[in-house]
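Since the structure is predicted, the reported quantities are computational estimates derived from the model, not experimental observations. Letters A, B, ... mirror the listed sequences (proteins, then strands); counts begin at 1.
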Amino acid sequence: MNNKLYIHNSLSRQKEEFKPLEDGYVGMYVCGPTVYSDVHLGNCRTFVSFDIIYRYLMFLGNKVRYVRNITDVGHLEGDADSDAEDKISKKARLERLEPMEVVQHYSNGFHDMMRIFNTLPPSIEPRATGHIIEQIEMVQSIIDNGYGYEKNGSVYFNTAKFAQENDEYGKLSGRVIDDLLAESRDNLKNQSEKEHPADFAIWIKADPRHLMRWNSPWSVGFPGWHLECSAMSTKYLGQKFDIHGGGNDLKFPHHENEIAQNVGACGCSPAQYWLHANMLLMNGRKMSKSDGNTITPNQLFTGDSPHISKAYSPMAIRFFMLQAHYRSTLDLTDDALLGAEKAYRRLMEANKVLQGLAAAKGAQAGELDQEIDQLIDQAFAEMRDDFNTPKTLARLFELVPKINGIKAGHLDAKELSAETLEKLKKAFSDFIYVIFGLKDEMDAGDGDNSAMDGLMQLIIEMRADARANKDWGTSDKIRDVLKELDIQLKDGKDGTSWTIG
RNA sequence: GGUCGGGUGGCCGAGUGGUUAGGCAGAGGUCUGCAAAACCUUGUACGGCGGUUCGAAUCCGUUCCCGACCUCCA
């Protein structure tokens with residue numbers, strides 16, 4: 001059986017077998033947020049996608065160092081040599097806050113949201129402002145290697161020269177430097193500090209209104225966007241590492257320039273595999289604040305938005321994200337969320353049923369056993385094929401009727417060996433909790449529900465008595481009132497169970 | 001305008017040169033005191049137009065539409 005992991009590499013635009021630089025160890029860098037506003041739902045999708053990838057790499061037995069930065073300086077709203085302002089500096093100025101207050105506030109919010117979506121924290125979460133020295137050193141290396149030049153205290157990366165001397169530039173994004181040249185030749189007339197429009201700032205001299213400033217050999221200023229990722233990935237993962245990830249929108253210019261900086265500074269391309277998560281749409285269009293086609297995570301949780309009919313739980317949304325492949329766009333609609341929520345509950349219910357199953361006496365591997373065994377193996381194979389969560393889920397959902405069928409007695413439990421049943425239990429639990437990172441939201445109180453369980457047991461018994469006496473009024477009243485309390489009774493062959501939601 | 005990626009059944013969403021994705025919704029049935037849950041069965045599909053092929057939704061060309069990034073304009 002083929003146990004290799006295949007990953008789609010944006011650099012080669014095809015699936016490749018994943019081979020870490022050092023067997024059993026994986027270094028993964030993912031571009032984190034710029035913390036100047038509340039985290040965007042689309043960002044959440046990207047980080048959930050990489051959370052699954054992180055979890056799965058660990059599940060396969062790798063020791064993973066997962067570095068996800070926080071960009072808290074340098075990300076401009078426009079071009080460095082125009083009138084652009086740093087996003088955080090601007091926010092701080094408008095709100096009359098210290099820039100670090102802005103950074104702390106939105107970092108906290110980001111972390112809260114990541115926790116709500118049940119993503120694992122990265123191994124290291126470096127900040128750009130905490131690595132000014134490393135960035136200055138990298139600028140110096142780039143200058144020393146002839147790929148950077150200073151103009152009026154700012155330092156620019158010489159993209160044109162770099163592209164001429166290296167094969168690297170444009171490889172990732174498909175940009176051709178000549179096209180960039182041709183497209184923008186007119187701009188050369190502008191009073192620009194740049195020698196070429198494709199050049200970009202790696203150190204920016206701070207104008208008087210700029211609130212974030214550090215001493216450097218060139219000026220009192222701040223590092224350019226892109227540079228923080230080059231410097232910090234090198235610091236924590238080395239000049240070469242395994243995986244670099246981020247949102248698709250970062251491919252150009254951010255990631256292209258990152259590669260240029262790394263090559264320009266040390267002569268080697270940083271990551272072996274580049275992974276890009278695709279965008280989240282809403283109602284078939286991009287989310288956009290200006291035309292109202294947008295929704296925040298919190299609006300999703302509260303249902304307070306004209307775009308949705310009800311509130312959705314974080315796990316229902318996480319499940320919704322799992323239903324699409326990370327490299328595809330995902331269209332968020334109310335109907336799709338309704339469907340995902342139901343599917344999520346069905347899966348979790350099935351798991352609960354499964355974990356309660358015991359092997360039948362005298363069970364032997366029959367046809368059912370073989371089918372189940374095969375589906376489990378297929379599910380794992382789907383994950384190894386570029387983390388294909390929708391296909392993995394499809395296999396799990398093919399197992400659901402089997403689980404329910406055994407429980408209900410439609411399927412012959414004797415055909416399922418104890419060994420395969422154990423394998424199935426372990427696989428379901430691993431997929432749901434360990435790999436997909438889902439949580440049970442339907443259990444009351446999580447852990448401390450013995451009182452609730454006891455109460456429900458009593459109520460169920462009282463209803464059973466009423467039913468035995470054909471007292472339908474009482475039994476239906478119990479059922480209806482509980483339903484209003486969001487508790488659902490499920491009558492099965494061997495008694496009644498209940499769930500919340 | 002440039003580069004790249006898409007257009008799949010009522011909705012979301014996989015995938016493949018000839019064979020079932022899966023979920024949700026819909027229809028029928030089993031079970032039930034009636035329901036719900038669960039189980040069984042089930043329909044409609046691959047944007048338009050050409051071409052390659054014995055055969056294409058899957059490959060090629062073209063056109064329309066959508067998205068990302070860049071650029072231009074505002």
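Note on S497(A): nothing from the nucleic acid sits closer than 4.0 angstrom, heavy atoms only. Nucleic acid contact for P390(A): base, since at least one base atom lies under 4.0 Å from a heavy atom of the residue. Counting any heavy atom pair closer than 4.0 Å across all strands shown, K251(A) reaches no nucleic acid atom. Within the nucleic acid shown, L489(A) comes within 4.0 Å of at least one base atom, counting heavy atoms only. A336(A) comes within 4.0 angstrom of the backbone, heavy atoms only, and of no base. D491(A) comes within contact range of at least one nucleobase, with a heavy-atom separation under 4.0 Å.
Each of Y326(A) and G284(A) was assigned the nucleotide of RNA chain B with the nearest heavy atom; the assignment lying further toward the 5' end belongs to Y326(A). Positionally, the nearest nucleotide of RNA chain B for N278(A) lies more toward the 5' end than for the other of G405(A) and N278(A).
For F252(A), whose side chain is taken as the heavy atoms from C-beta onward, the closest listed nucleotide among C70(B), G33(B), C24(B) is C70(B). Nearest to the side chain of H410(A), among C39(B), G22(B), U32(B), sits C39(B). Of the candidates G23(B), C39(B), G67(B), the closest approach to any side-chain atom of L281(A) belongs to G67(B). The side chain of D249(A) sits closest to A68(B) out of A68(B), G13(B), G23(B). Among the nucleotides G23(B), G13(B), C11(B), the one closest to any side-chain atom of L330(A) is G13(B). Set against C70(B), G33(B), C39(B), the side chain of N404(A) has C39(B) as its closest nucleotide. Closest approach to the R467(A) side chain among A21(B), C34(B), G13(B) is made by C34(B) (side chain taken as heavy atoms from C-beta onward). Distances were taken from every side-chain heavy atom of Q488(A) (C-beta onward) to each of A36(B), G33(B), A21(B); the shortest belongs to A36(B). For P401(A), counting side-chain heavy atoms from C-beta on, the closest listed nucleotide (A14(B), C39(B), A21(B)) is C39(B).
Nucleotides C46(B) and U8(B) have their C1' atoms positioned 4 Å apart, rounded to a whole Å. Here the separation of G55(B) from U16(B), taken at their C1' atoms, is 14 Å to the nearest Å. U58(B) and U52(B) have their P atoms separated by 15 Å, with the value rounded to a whole Å. Look at the P atom in both G18(B) and C12(B): the space between them is 26 Å, to the nearest Å. If you take atom C1' in A37(B) and the same atom in C4(B), they sit 47 Å apart, rounded to whole Å. Comparing the C1' positions of A21(B) and G5(B) gives a spacing of 22 Å, expressed to the nearest Å. One P atom belongs to A56(B), the other to U71(B), and the distance between them is 44 Å to the nearest Å. A gap of 33 Å separates the P atoms of C54(B) and A14(B), to the nearest Å.
Under a cutoff of 6.0 Å and an axis angle of 45°, K161(A) and Y147(A) form a cation-pi pair.
Close to A25(B), at under 4.0 Å from its OP1 or OP2, lies no side-chain N or O of R346(A). For the OP1/OP2 pair of A38(B) and a distance below 4.0 Å, the side-chain nitrogens and oxygens of K490(A) include no atom meeting the criterion. Taking only side-chain nitrogens and oxygens, K391(A) never comes nearer than 4.0 Å to OP1 or OP2 of G15(B).
For C39(B), the paired nucleotide is G29(B), the pair qualifying as Watson-Crick or G-U wobble because both relevant distances are below 3.5 Å. Pairing for U3(B) is with A68(B), a Watson-Crick or G-U wobble pair whose two hydrogen-bonding atom distances lie under 3.5 Å.
Put simply, CG on N283(A) is 15 Å from P on C66(B), counting in whole angstrom units. Rounded to whole Å, atom P of A38(B) lies 16 Å from atom NZ of K402(A). Separating the CD atom of Q378(A) from the P atom of U20(B) is a distance of 14 Å, rounded to the nearest angstrom. The distance from atom CD of E382(A) to atom C1' of G15(B) is 10 Å, rounded to the nearest whole Å. Across the protein-nucleic acid pair, L172(A) atom CG and C69(B) atom C1' stand 12 Å apart, rounded to whole Å. One can place CG of D412(A) at 15 Å from P of C40(B), the figure rounded to the nearest angstrom. Atom-to-atom, CZ of R463(A) to P of A35(B) comes out at 14 Å; the value is rounded to the nearest Å. At whole-Å resolution of the value, CG in L322(A) and P in A14(B) are 12 Å apart.
At a cut-off of 3.5 Å, with distance as the only test, no side-chain donor of T46(A) or S49(A) sits close to an acceptor on the other residue. In the model, Q457(A) has no side-chain atom that pairs as donor or acceptor with a side-chain atom of D453(A) under 3.5 Å. Between the side chains of E258(A) and S230(A), no donor-acceptor pair of N or O atoms lies under 3.5 Å.
Applying side chain to side chain donor-acceptor pair (under 3.5 Å) to Y326(A) and the options T389(A), D386(A), N248(A), N278(A) leaves one that passes, D386(A).
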After noting the C-alpha distance and the side-chain angles of W498(A) and M452(A), does the key distance pass the side chain to side chain contact (heavy atoms under 4.5 Å, CB included) rule? CA-CA 11 Å; W498(A) 61 282; M452(A) 182 75 169; 3.7 Å; yes
Side chain to side chain contact (heavy atoms under 4.5 Å, CB included) between L300(A) and N298(A): does it pass, once the steps are laid out? CA-CA 5 Å; L300(A) 229 31; N298(A) 279 321; over 6 Å; no
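The base of G33(B) sits within donor-acceptor range of the side chain of D476(A), with an N or O pair under 3.5 Å. Under 3.5 Å, the side chain of S328(A) and the base of G13(B) form no donor-acceptor pair of N or O atoms. With hydrogens and angles ignored, no donor-acceptor pair under 3.5 angstrom links the side chain of N388(A) to the base of A14(B). In terms of polar N and O atoms assigned as donor or acceptor, the side chain of R479(A) never comes within less than 3.5 Å of the base of A36(B) in a complementary pairing.
The ring of Y36(A) has its center no closer than 6.0 angstrom to the ring center of F110(A). If you look at F200(A) and H226(A), their ring centroids are closer than 6.0 Å.
Judged by centroid separation below 5.5 Å and plane tilt below 30°, F397(A) does not stack onto the base of G23(B).
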